[in-house]
Number of protein chains: 2
Amino acid sequence: MDRVDKILAQWSRERPDLDTEAMGIMGRLKRLTTHLAREVDQVLQEQGLSSSSFDVLATLRRSGAPYRLSPGDLLSMTMVSSGTMTNRIDQLEKAGLVERVLNPDDRRSVLIALTKAGLAAVESAVGVHVANQQRLTKSFSAEEKAQLDTLLRKFLATFE
Amino acid sequence: MDRVDKILAQWSRERPDLDTEAMGIMGRLKRLTTHLAREVDQVLQEQGLSSSSFDVLATLRRSGAPYRLSPGDLLSMTMVSSGTMTNRIDQLEKAGLVERVLNPDDRRSVLIALTKAGLAAVESAVGVHVANQQRLTKSFSAEEKAQLDTLLRKFLATFE
DNA sequence: ACCGCATATCTTGACGTCAAGATAAATGGA
DNA sequence: TCCATTTATCTTGACGTCAAGATATGCGGT
């Protein structure tokens, strides 16, 4: 009888006509990801980064040397609007973690490049972040993790 | 090979020392819930409600007649800060869907009551919303839904 | 009866996000 | 070559959220 069960029980009493199976899954997903986001944010904040900033730095880092992508590339990898990406880059540039360099091939575009400080920040943060992710999923056995991943992959495939 | 697999492949190439199992689960969860939130928001918006507003109206509705709860009660059921709840109530009051009535038992407190229009709005929206949730999970068999729910319940229990 | 602490709600200021539109450069067909 | 269209990025204004603190009432021990 967790919090979501209590919500479903209320609905059953008030609106017995409603099928609550999907509600339960969606409700648990929502509450769960709210908790997870808070845990992740806290650890990244201890590294001096917001999760938004980390998201961009990590995308640049994993793209490989020379750690440069256009805003459009970043956009296509991160599920945010163009205005949000501009804002994220502005913040990171102000913090000295990335710089905008001219794109010689296309003057409409720029390249966002990790600075030395940006590379150092993300290299330091990513290890801590991954360890934190492992901590957050450690209540599952290897088999359960595989099962969950399979189900999430199938669910996600509905949308991507 | 979905989007998350591509991200994990990049990390494997750049940082083969990192174990990406937890990253995969967390990444899929995050992308999935972003998609789900957008789908849910869109349907509720067609009902004239934001998901924040619906959240409050639904909490009042499922609490049963006379559909009245204090802001503190609402707070304890909805994972938002007190300032956010005040703001949500303000919006709903402006829209005529709830009203603040004095709490005769405690003058520090007020009761948030569904108005006639608020009750009508949530009764209309909840059916459409639940149908939408069912649509969003319809790619799963009954067994898969049960399996997913079990795993999510266990995961959520880590935090609540 | 009083006073200090607890409780309940609201206020303030800062962020991150989005949708819609603005700006500027590239492209391709006539 | 030229211009209409497309592409790439940035700007603007509005929201929803939070943390921290303000305000007001209740409550319990002396």
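The chains referred to below are lettered A, B, ... by the order of the sequence lines, with proteins before strands, and numbering in each begins at 1. Atom set for the values below is all heavy atoms of this structure, side chains included, hydrogens, waters and symmetry mates excluded.
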Worksheet item: Got a sec: does the CD of A:Gln45 have more than 12 other heavy atoms crowding it under 6.0 Å?
Response: no

For nucleotides 11-16 of chain D, list the nitrogen or oxygen atoms of the protein found under 3.5 Å from its nitrogen or oxygen atoms, one pair per line.
residue, atom, partner, partner atom, Å
D:dG16, O3', B:Ser52, OG, 3.4

Worksheet item: B:Asp41 CG to C:dT17 P: how many Å, rounded?
Response: 15 Å

Worksheet item: CE of A:Met85 versus P of C:dC18: gap in Å, rounded?
Response: 10 Å

Worksheet item: Just checking, is any N or O donor in the side chain of A:His129 or A:Gln133 under 3.5 Å from an acceptor N or O on the other one?
Response: yes

Fill in: Between D:dT17 (C1') and B:Ile89 (CD1): distance, integer Å
15 Å

Worksheet item: Would A:Arg31 and A:Asp2 satisfy salt bridge (charged side-chain N to carboxylate O under 4.0 Å, His left out), going step by step from the backbone distance to the final call?
Response: CA-CA 11 Å; A:Arg31 292 188 77 90; A:Asp2 65 9; over 6 Å; no

Worksheet item: How many Å lie between CD on B:Glu93 and C1' on C:dC10, as a whole number?
Response: 13 Å

Discussion item. From CG of A:Leu75 over to C1' of D:dT9, roughly how many Å is that when rounded to an integer?
Written reply: 9 Å

Discussion item. Under a 3.5 Å threshold, yes or no: a donor from one side chain and an acceptor from the other, between A:Asn87 and A:Thr84?
Written reply: no

Worksheet entry | Near-strand residues of residues 98-115 of chain A, defined as heavy-atom separation under 4.0 angstrom from DNA chain C | A:Asp106, A:Arg107, A:Arg108

Worksheet item: Should we count CZ of B:Arg107 as having more than 12 external heavy atoms under 6.0 Å?
Response: no

Practice prompt. May I ask you to check whether A:Gln47 and A:Ser124 show a side-chain donor-acceptor distance below 3.5 Å?
Written response: yes

Item to complete: Look at the side chain of B:Thr115 and the backbone N and O of B:Gly96, then say whether any donor-acceptor pair between them is shorter than 3.5 Å.
Response: yes

Worksheet item: When you check the side-chain N and O atoms of A:Asp55 and A:Ser52, is any donor under 3.5 Å from an acceptor?
Response: no

Practice prompt. Round to a whole Å and report the spacing from CD of B:Gln42 to P of C:dC18.
Written response: 15 Å

